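Indexing begins at 1, ligand by ligand and atom by atom, following the structure's order. Every value quoted in this text rests on a predicted model; they were computed, and no experiment measured them. Both backbone and side-chain heavy atoms feed into the values below; hydrogens, waters and symmetry mates do not.
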Amino acid sequence: MGPASSTDMGSREHLVMVRYGELFLKSDPVKHHFIGMLLRNIRHALSANGLAARCETPRGRILIYGDQPEKIAGIVSRVFGVVDVSICSRTGSTPEALCSEAISLASEHLSAGMSFAVRVKRQQKIGPTSQELGTCIGSAIWDHIPGLTVDLDHPDYEIFIEVRDFGGLVYDSRIAAPGGLPWGTQGGALVLLSSGIDSPVASWLVMKRGCEIIHLHMDGGRWAGADVLAAAIDNHRKLSCWCPGSDIHMLVADSEPLYDVMQRLRIPPRLRCVICKRFMHRVAALLMKKEGAQALVTGENLGQVASQTLANISVISEAVTVPVLRPLITYDKEETITLARKIATFDAHPGDLACRAVPRMPATKASLEEIKECEETMDIDGLVAHASGSLGRVTARDGKIIRHVPPADARKN
Ligand code: ATP
Ligand code: MG
């Protein structure tokens with residue numbers, strides 16, 4: 001299909017302009033590769049959503065032509081690697097062509113008493129300067145619509161003009177996108193995803209840096225609050241909105257027997273949180289290999305709870321040899337919550353998420369020797385084998401659960 005010559009926005013030629021940021025800093029071959037991945041992800045996201053589109057890649061931009069620019073912009077603004085998107089009109093690059101388009105766009109949004117500004121950028125520094133062009137286009141708008149004022153600092157309305165070697169682009173808004181690196185450019189990571197606030201944000205942050213992710217939730221069965229599994233599945237579902245058009249998988253492993261064993265063997269309650277986290281890391285490290293992931297990700301945060309003191313984090317890390325990424329390690333809770341709201345994973349009323357195995361006084365400095373002595377009595381390898389061999393799988397795409405295969409009747413054994 002060709003460029004959209006007629007859209008529901010009128011008779012002008014509309015397209016979606018994509019800006020990417022950091023990719024620009026790469027060397028030419030790496031940049032070429034990353035832009036190729038970004039294009040592949042954009043095309044996939046659009047075609048999976050039933051949108052036909054044609055892409056062009058002039059220097060520093062991706063231009064997308066299609067019949068539904070608003071829908072295209074909405075989807076592409078959730079693609080990692082994209083900094084922002086604008087729905088533009090494409091014009092010639094002469095001042096007359098730019099003025100005419102700017103006036104017709106301004107006429108739809110400006111009326112007497114409003115202030116406005118024109119921002120111009122030129123790819124090639126020839127002809128009138130950006131400032132001269134801005135003044136010329138601003139005057140034309142001012143002449144055309146009575147009662148306007150120009151305010152370059154806090155205008156009611158802004159028009160952006162880009163003069164590029166292929167012509168002009170005129171637009172009036174920039175839709176923010178997540179930035180980062182294209183999905184898949186950094187390999188795979190397995191994320192320990194809980195029902196909480198932190199691990200979804202951690203997952204989003206590693207996705208943003210180009211990792212393909214697979215989630216792992218440890219289902220504590222009757223030791224977990226009544227709403228824990230549903231809330232973890234919901235976190236997984238929400239995160240799938242950030243990889244438009246792609247299936248995202250969550251493994252669900254049965255960890256109920258771990259708590260049963262700790263109870264039966266009367267493992268000192270203060271050590272149970274650290275033993276539990278070491279167990280989660282062990283199961284995750286084993287599954288990482290099977291799933292082809294290169295790193296393990298958690299939402300751990302220095303000093304947030306007793307199990308996350310530096311001393312305990314180092315005892316937890318000792319259980320595995322794989323790389324463990326903790327994107328939130330230095331975040332304040334408020335910073336995490338702000339980001340969780342922004343990426344729409346925050347839920348103010350998540351229900352009963354209490355862990356029934358948490359003691360009143362968990363150790364803040366568990367001794368590795370003591371932990372190992374306890375673990376030796378527990379057949380940890382058998383428990384890990386059970387958890388990693390009894391997996392459920394939940395598949396999400398574009399904010400919907402599309403498949404839910406429960407664990408293989410693990411609890412009946
Ligand atoms: P979050 O930290 O995600 O808000 P939380 O507060 O319930 O959840 P913590 O006790 O802080 O969990 O655990 C630290 C990290 O361990 C979590 O960020 C997550 O990566 C992992 N984790 C905790 N519980 C589970 C679980 N049931 N399944 C998978 N991973 C978990
Ligand atoms: Mg936490």
Side-chain angles (χ1 to χ4, degrees), residues 189-206 213-236 238-239 249-259 272-288 293 295-309 312-313 315-317 319-320 322 324-337 339-341 343 345-348 350-359 362-364 366 384 387-388 390-392 394 407:
L190 186 141
V191 182
L192 272 166
L193 187 72
S194 76
S195 55
I197 296 165
D198 302 342
S199 49
V201 176
S203 179
W204 188 85
L205 285 169
V206 289
I213 52 97
I214 176 157
H215 290 138
L216 169 64
H217 178 68
M218 306 294 297
D219 178 8
R222 64 194 163 73
W223 293 91
D227 301 306
V228 166
L229 180 59
I233 292 175
D234 211 41
N235 282 337
H236 173 59
K238 290 170 182 161
L239 285 162
H249 299 283
M250 179 165 92
L251 308 173
V252 181
D254 177 23
S255 61
E256 190 175 55
L258 172 82
Y259 308 105
R272 291 184 190 179
C273 287
V274 171
I275 292 175
C276 166
K277 290 292 170 347
R278 280 168 63 90
F279 178 74
M280 290 185 184
H281 279 60
R282 284 188 166 110
V283 175
L286 187 77
L287 292 173
M288 253 178 70
L296 163 56
V297 179
T298 79
E300 287 166 312
N301 171 267
L302 197 52
Q304 185 187 78
V305 288
S307 64
Q308 293 171 31
T309 60
N312 282 346
I313 286 177
V315 172
I316 292 168
S317 299
V320 292
V322 297
V324 182
L325 308 182
R326 300 180 171 96
L328 301 183
I329 196 71
T330 60
Y331 276 40
D332 289 348
K333 193 73 188 182
E334 262 324 296
E335 291 174 292
T336 304
I337 290 176
L339 192 44
R341 286 188 199 278
I343 65 173
T345 55
F346 184 78
D347 182 353
D352 169 16
L353 304 187
C355 173
R356 317 261 185 260
V358 172
T364 51
V384 169
S388 56
S390 62
L391 297 173
V394 184

Between [X] (side chain) and [Y] (backbone), is there a donor-acceptor pair under 3.5 Å?
| X | Y | answer |
| --- | --- | --- |
| D352 | A354 | yes |
| D254 | G221 | no |
| Q308 | N301 | yes |
| N235 | P200 | no |
| E300 | I329 | no |
| D198 | T336 | no |
| H236 | V394 | yes |

Mark up the atoms of ligand 1 that fall under 4.0 Å of a heavy atom belonging to [X], in ascending order.
| X | answer |
| --- | --- |
| L216 | 29 (C) |
| Q304 | 11 (O) |
| I197 | 4 (O) |
| T298 | 20 (O) |
| L193 | 28 (N), 29 (C), 30 (N) |
| H217 | 26 (C), 27 (N), 28 (N), 29 (C) |

Protein contact of atom 12 (O) of ligand 1 - nearest heavy atom, named by residue and atom, plus distance: S194 OG, 4.3 Å
Protein contact to atom 17 (C) of ligand 1 [nearest heavy atom, distance to 0.1 Å]: G299 N, 4.0 Å
Nearest candidate to atom 15 (C) of ligand 1, where distance is taken over non-hydrogen atoms, out of E300, M280, K333: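 It is E300 that holds the nearest heavy atom.
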H215, K277, Q308: member with heavy atom nearest to atom 16 (O) of ligand 1: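 Residue with the shortest heavy-atom distance to the ligand atom: K277.
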Hey, is ligand 1 close enough to [X] that some N/O pair sits below 3.5 Å?
| X | result |
| --- | --- |
| M218 | yes |
| L192 | yes |
| S307 | no |
| S195 | no |

Whether Q304 has an N, O or S atom under 2.8 Å from the Mg ion (ligand 2): yes
Name of the D198 atom (N/O/S only) found closest to the Mg ion (ligand 2):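 Restricting D198 to its N, O and S atoms, the minimum distance to the Mg ion (ligand 2) goes to OD2.
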Test item: L216 and V191 side chains (from C-beta on) under 4.5 Å apart, heavy atoms: no
Contact check, side chains of T330 and L302, non-hydrogen atoms, under 4.5 Å: no
Minimum heavy-atom distance K277-S307, with the two atoms named: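 So the two residues come closest at NZ-OG, 4.3 Å.
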